[in-house]
Every structure is written in structure tokens, then in C-alpha cells.
Amino acid sequence: MDEGCRLEVLCHSKRRSSKCLAGEDHSFGRFTCSLPDTYSLKNAVTLSAQYGINVFVLGLVLTVAAAFQRAGVAEEHILAYLSTLMVMQLAWMLWYFLRRHGKRELVMDKDDHAGPRWLRGGLTLFAILSLVLDMFKIGYYIGYSSCLTAAKGVFPAVHAVHTLSQVYFLWFHAKDVIQTFQIIERFGIIHAVFTNLLLWVNGVIAESTHQLSDHKKRLAAFGFANITVEKTGPNCNCTTNACAVFYKGFYYMYPFNIEYHVFASAMLYIMWKNVGRKLEDHRPHKLMFKAHYSILPGPVLGAAVFATTIGILIVYSIQVGHSKDHRKSAVAMFYLYSIAVLSLMSAAATTGLVVYRMDKRSVDYSKNPTRKLDGYLLVSTACASWLLCWCSMVAAISAEARPYYTWLSLPFSALVIIEKYIQNIFIIESLHRKRDNGEEDLGRTRGIFAVSGCNDIPMTASCCGVVNKSLKNLDPEMCGTADRRIARAPGHSGCSSSGCSSSRCSECSGCSGSGQPTLSQQAASFPLSRFRERDKLDKNRLILKNVAAFLFLCNISFWILPAFGVRPQFDNGLEENVYGFETWILIVNLAMPFAIFYRMHASASLFEVFCAT
């Protein structure tokens, strides 16, 4: 009988309350009471989720109305709304800090899967660049303070404070599994999740508006008379000389700001899922980044792709605005480069899946909100890229006028679909693989002891069979302890007496006087097939590490290109002729932010795979 049932029986036997009597089960003779606390906690999940969704929908409606400027909603209204949400989150985080640190005796469970150190480090890097964006906005507001509303100056200041506080909160509390004040904490965390999502939407719209404005300027320069370029910027003169620098700096920092808010919302969502969660007994292996000198092909090839990507970005940005011929050359260059890299990525991910088919490691099916969210995000955000690719393939086939690079668009779109499909399977399967304890123990034993006969190698230590120079000064008692530990290893039937009493291998023929085998004989009793299997596993893991490193650098490369303006969907002119200018611009602006986020999230997952393999 669980704790809740014991409390119910105690309630019935002592107090004879009507609630217990009403819940009597006559067929089995057991008493059941209602559980109002559990019921309230379950309702808190639904209520908090609905609260967060309504906060997000209201902000989204205000953002869309401000973007179209047709409903009397201006940009300062959405900025005031976002500032209010950030202040509310700051108040909740302050209350959490005071309650958490005010009670030193409060013991809180930790979810070791949530908020790994490398993820918090990446979040911190993006947060620093987001603070640079806030400084640019504050400087821009100071220059145009005479004709800008106060909301445009207050928002970046509040956002800077919010960023600093949130990074501190996630660094030290992302792993918390909250068990007290669960209802309040659920509402506070879900408020923070949707506040960050709204800030992400605000950054995406600002960055998309800038990209669309640049695209219209290029089209107007190429002689498209039906394209009108709207004037942007305040209607007054800047009081400083750096306003133009600040304005251009916005759009180099927006990609980092966008990724920061998505990362923060994902980590906060895991905290929300962990509220009131009962953790399992087992603890995962800690992910540690270690340099392996034998891991060369993957990182070297990935670094070459990354360096080439930087060159493609520079050349594309220069050529796409010069003339129609230069623009066509830039688009064709992008397609050829992408086809080559996507082919290599597809082959690498397929190689990883083949290795997993040969790998005998077991699969971890335990409940893990972090791993579950990773899979959902990979598949859902990949749908945005698939939408763009299918639109491009249909346009390439059905278009009446086809530029010479049209037939490059077809294999490029098909490879994007295939590569993301295979890569998603590889990442999800990698995250579910676990390292067996037996293999780890075998590897540790192999690193300390050498399996060899007495006449095969010279002795280099004072204990029987030990060839590790770092163990020269061990006394016989420690040698005996090591003997007993190896005697308990799988597949070994050793003596149960105390350790070896001799200090030289030549003197340890068979068991000592007490009947205990020597350390060298015990180590030799391991079947050689176990070590061959270990060698095979090492080779498989080496291949997987190379695959993960190569895919990691390639995904970073494909994040950089669209995030910093390389968007052939705007510049090839193919889809615009089929779907219409406004329709295609709307599709790209809706799908591209998710496609960009997919590459960053895939990079984070692949880094975790590299560390865990």
C-alpha cells in the first residue's frame, strides 16, 4: 500500500470522516479518499499551459498588427507589452532566488540530463552578443531621442537586465526539479517560456523585415518598376556620428539574439516539465569533451567546409547586388557548393547508421524530457525546410521560363530533404544509445593491467602482473585488494582468500599459500574475445565521433549562410514567377526562421553525440 493509501486508512480509522466513508470499497474491503492536492497539481499543468498560450497569442496578434500597421497598433505598443512581460519574469525569478537561497536546508533534486554545461556555455555566448545588440539599440535611441518614443529606449535596457538575470538563473537552476510551491512555479516558468518565445518572434520579424528590404532594394536596382521601397528610419537627424553604425550592427547581432531566446525557452520548458517529477534511480554518464588525436578526417573535412562557407558568404554578399549576371553566378555557386556538401553529409550520416546496425550497445528507453524535446524539435523544424524544398521543386518543374541554374535547384532541394531525413534518424538514435557498464569496467581494467605471461614481458612493478609504472610503490595489501577486485570480474572464478603474498611474478606460480591466484593469472583468465570486442567498439566509436564532428561543423556552416543573408530563395527569381511575389515572400518569412533554428539545434545535438560517444 502506497503512502497516499496509508493516509486514507488512518483518516478513516481515527476521524471517521464522511469523505473516507463515501469512498469505501465493499468488494475488497479497502478505503480510498480523494486526493485534492494531486488533483490540483495536475490541473496546474493544464491551467499554466493555457495561461502561457494566451500570453503568447496576445503578443503574436499585437506583433502582426504592428508589422502591417493597419489596426492602430504601433511598434511601441508591442515593445511596452514585451517589457511588461520581462518585468513580471524578473519579479518571479527574484522571488525564486530569495526562496531558494533563503532556506539553506531546502534539498532539491537535480535532473542531470537538463542544462549540460556546454549548452549553458553556448547560451552565455549568445547572451553576450544579445547584450551587444542592446547596447547598439540604446546608442541608436540616444542619437534619435528627439523623435523616438520612450518605449524604444526602455525596451533594450529592460532586455539587458532580463538577459543577465536569466543567464544567471539558468546557469545555477536549470537542473532543478521543483517539489515545493509547484503551482506557483509552474505559472512562473511557463510565463518565462512564452516571454522568450515572444522575444524570439520579435527578433525574427525585425530580421525578416531587414532581409525583405534589402531584397526590394536589389530588385529596384535591377529595374523592376513595380517594386516600391519604403523609407525606413526616424524623421529627424542623429545627434551622434555612430547612428549608421548602430543601425547596421543590429542585423549582424539579430541571428545570435534569436538563437539565445530559443535556447532559453527550451531550457525553461524542461524545467516546467520537471516540476514535481519523480526521478529514476540511475544516473547518466557525465558528458566530457576529450581531445582524441586519432580523430582526424571528420574535424579536418568539417573545418575545410566551414572555411569554404565563410568564403561563399563573402563572395555571395558582394556579387548578388552588382548586376543580374553576377546575381545568377552567385546563386549557381551557392547551389553547386551546397550540393557537394549535402552529398557528403548524407553519406556521413548513412555511415553512422550502418555502424549503429553493427553496434551491440543497448538502447535507453527511460523517460527523459530533454531527449524527447530534442527529437520533437528536430522533426518539427525540419518540416519548414521540407516545405521550402518541395515548393522549389514544383516551381522548377512547372515554370515556363527557367534560368540556367534551375536544374541545380532540383538536386539541391532533393538533397536537403534526404540529408535532414537521414540526419534526424542518426541524431535521435545516437541520443538513445547508452554505454554499458560492463564495457566501461572492462576498459578501465584494460588500462591498468596487462594480460601477459611471466616470460612474455619484464616486470616493471612490485605487485604480481602489474605493468603500470605509476603503481610501483603499492604495498602487498593494495596488491591483494586489486587481486580481489579482478577476481570478482565477470567470467572469472578466483579464490576467495586474501591477496597474493609474493612480490615477483616468478614467485607467483599458481595460488599463494592461502590459495589465491596471482594478479597476472587472474587478468589472463579474461577471455580474449572480450578484448577483441572492446577493440571493435573502440573503432566503431572512432567512426561515430568523426561523423558527429563533421556533421556538427557542416550544420554550423549551413546556419551561418541563411542567418547572414545568403537566401537564394529570394534571389533566384524562380519561385516568385510561379507563386507570386507576395505569396512567396510570406512563405519564406514563415519557414526560414525554423529552418535556420533547425541547423543550430542539430549542431547542439551533434555536439552532445560527440561527447557521449
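Given the structure is predicted, the values throughout are model-derived calculations rather than measurements.
The side-chain heavy atoms of Pro116 and Glu608, taken from C-beta on, include no pair separated by under 4.5 Å. Taking the side chain as every heavy atom from C-beta outward, Trp584 and Leu388 approach each other to under 4.5 Å. Taking the side chain as every heavy atom from C-beta outward, Phe426 and Val547 approach each other to under 4.5 Å. Counting heavy atoms from C-beta outward, Val578 and Val394 have side chains that stay 4.5 Å or more apart. Under the 4.5 Å side-chain criterion, counting only non-hydrogen atoms from C-beta, Leu561 is in contact with Phe334. Put simply, the side chain of Pro299 does not reach to within 4.5 Å of the side chain of Phe552, judged on heavy atoms. Within the 4.5 Å cutoff, no side-chain heavy atoms of Val305 are placed close to those of Leu553. Within the 4.5 Å cutoff, the side chain of Val320 has no heavy atoms near those of the His326 side chain.
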- Task: Show your reasoning for whether side chain to side chain contact (heavy atoms under 4.5 Å, CB included) applies to Lys328 and Asp571.
- Result: CA-CA 8 Å; Lys328 292 179 180 180; Asp571 300 317; over 6 Å; no
- Message: Would Arg120 and Leu125 count as a side chain to side chain contact (heavy atoms under 4.5 Å, CB included) here? Give the steps.
- Response: CA-CA 9 Å; Arg120 287 176 286 166; Leu125 176 62; over 6 Å; no
- Message: Could you go through Gln166 and Tyr260, starting from their C-alpha distance and side-chain angles, then the distance that decides it, and tell me whether this counts as side chain to side chain donor-acceptor pair (under 3.5 Å)?
- Response: CA-CA 11 Å; Gln166 185 169 252; Tyr260 160 71; 2.8 Å; yes
- Message: Checking Asn202 against Phe155 for the side chain to side chain contact (heavy atoms under 4.5 Å, CB included) test, could you report, in this order, the C-alpha distance in whole Å, the side-chain angles of both residues, the deciding distance, and whether it holds?
- Response: CA-CA 12 Å; Asn202 183 66; Phe155 174 77; 4.1 Å; yes
- Message: Could you walk me through whether Glu429 and Arg357 satisfy the salt bridge (charged side-chain N to carboxylate O under 4.0 Å, His left out) test, starting with their C-alpha distance in whole Å, then the side-chain angles of each, then the deciding distance to 0.1 Å, before giving a yes or no?
- Response: CA-CA 11 Å; Glu429 186 162 351; Arg357 298 286 77 80; 2.4 Å; yes
- Step-by-step side chain to side chain contact (heavy atoms under 4.5 Å, CB included) determination, Phe550 to Val300: CA-CA 8 Å; Phe550 173 70; Val300 169; over 6 Å; no
- Verdict with supporting geometry, His191 and Gln89, side chain to side chain donor-acceptor pair (under 3.5 Å): CA-CA 7 Å; His191 177 89; Gln89 183 184 342; 5.7 Å; no
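Here the shortest heavy-atom pairing between Ser392 and Ser409 reads CB-OG, 4.1 Å. The two residues Cys554 and Val341 have their closest heavy-atom pair at SG-CG1, 4.1 Å. Of all heavy-atom pairs spanning Gly121 and Trp171, the tightest one is N-CZ2, 4.0 Å. Counting all heavy atoms, side chain and backbone alike, Ser130 lies closest to His159 at CB-CE1, 4.5 Å. Across all their heavy atoms, Pro562 and Met592 have their closest contact at CB-SD, 4.1 Å. Taking each heavy atom of Thr149 and Tyr141 in turn, the nearest pair found is O-CE1, 3.2 Å.
With respect to Glu207 and Arg567, a salt bridge is recorded, a charged nitrogen being found less than 4.0 Å from a carboxylate O.
Shown here are the side-chain contact (heavy atoms from CB on, under 4.5 Å) partners of Met253, two or more places apart in sequence or in another chain: Leu129, Val132, Leu133, Phe136, Phe256. In terms of the side chain to side chain donor-acceptor pair (under 3.5 Å) criterion, residue partners of Tyr598 (sequence neighbours excluded) are, by chain and number, Gln423, Asn424. For Thr381, there are no side chain to side chain donor-acceptor pair (under 3.5 Å) partners at least two apart in sequence or on another chain. Under the side chain to side chain donor-acceptor pair (under 3.5 Å) criterion, His77 pairs with no residue at all, not counting sequence neighbours. Thr583 is linked by a side chain to side chain donor-acceptor pair (under 3.5 Å) to nothing, counting only residues two or more places apart in sequence or in another chain.
Using cut-offs of 30° and 60° on the angle between ring planes, the pair Tyr168 and His173 is perpendicular. Using the six-membered ring where Trp is involved, Phe56 and Phe194 have ring planes that are tilted, between 30° and 60° apart. Aromatic ring pairs are classed by plane angle as parallel below 30°, tilted from 30° to 60° and perpendicular above 60°; the pair Tyr140 and Tyr144 is tilted.
Each ring-ring contact (aromatic ring centres under 6.0 Å, His included) pair with one or both residues in residues 373-392, not counting sequence neighbours, would appear here, but there are none. For residues 130-158, the pairs satisfying salt bridge (Lys or Arg N to Asp or Glu O under 4.0 Å) are Glu75-Lys152, with sequence neighbours left out. The salt bridge (Lys or Arg N to Asp or Glu O under 4.0 Å) analysis of residues 251-263, with sequence neighbours excluded, yields no pairs. Among residue pairs with one or both ends in residues 331-340, those qualifying as side chain to side chain donor-acceptor pair (under 3.5 Å) are Thr309-Tyr337, Tyr335-Asn572; sequence neighbours excluded. Among residue pairs with one or both ends in residues 410-421, those qualifying as salt bridge (Lys or Arg N to Asp or Glu O under 4.0 Å) are Glu419-Arg599; sequence neighbours excluded. Applying the salt bridge (Lys or Arg N to Asp or Glu O under 4.0 Å) test to pairs two or more places apart or on separate chains, none has a residue in residues 154-171.
For an aromatic pair to be called close, the ring centres must be under 6.0 Å apart, and Phe126 with Trp200 fails this.
Interatomic distance, CH2 of Trp118 versus CG of Leu123, reported as 11.0 Å (0.5 Å rounding). A distance of 10.5 Å separates CG of Asn546 from OG1 of Thr351, quoted to the nearest 0.5 Å. How far OG1 of Thr195 is from CG of Leu199: 7.0 Å, rounded to the nearest 0.5 Å. Here CD1 of Ile585 is found 10.0 Å from CD of Gln569. Values are rounded to the nearest 0.5 Å. To the nearest 0.5 Å, atoms CG (Leu551) and CE (Met345) are separated by 5.5 Å. The CD1 atom of Ile205 lies 10.5 Å from the CD1 atom of Ile258; values are rounded to the nearest 0.5 Å.
Other residues, nucleotides and ligands contribute over 12 non-hydrogen atoms within 6.0 Å of the OH atom of Tyr579. The number of heavy atoms from other shown groups lying within 6.0 Å of OH (Tyr421) does not exceed 12.
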Which atom pairs, donor and acceptor, lie under 3.5 Å between side-chain atoms of residues 262-273 and protein residues at least two apart or in another chain?
| unit_1 | atom_1 | unit_2 | atom_2 | d |
| --- | --- | --- | --- | --- |
| Ser265 | OG | His261 | O | 3.1 |
| Ser265 | OG | Val262 | O | 2.8 |
| Trp272 | NE1 | Ser48 | OG | 3.3 |

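Partner Ile427 forms a side-chain contact (heavy atoms from CB on, under 4.5 Å) with one of Ile422, Asp374, Leu378 and no other, that one being Leu378.
A donor-acceptor pair shorter than 3.5 Å can be found between the side chains of Tyr356 and Ser430.
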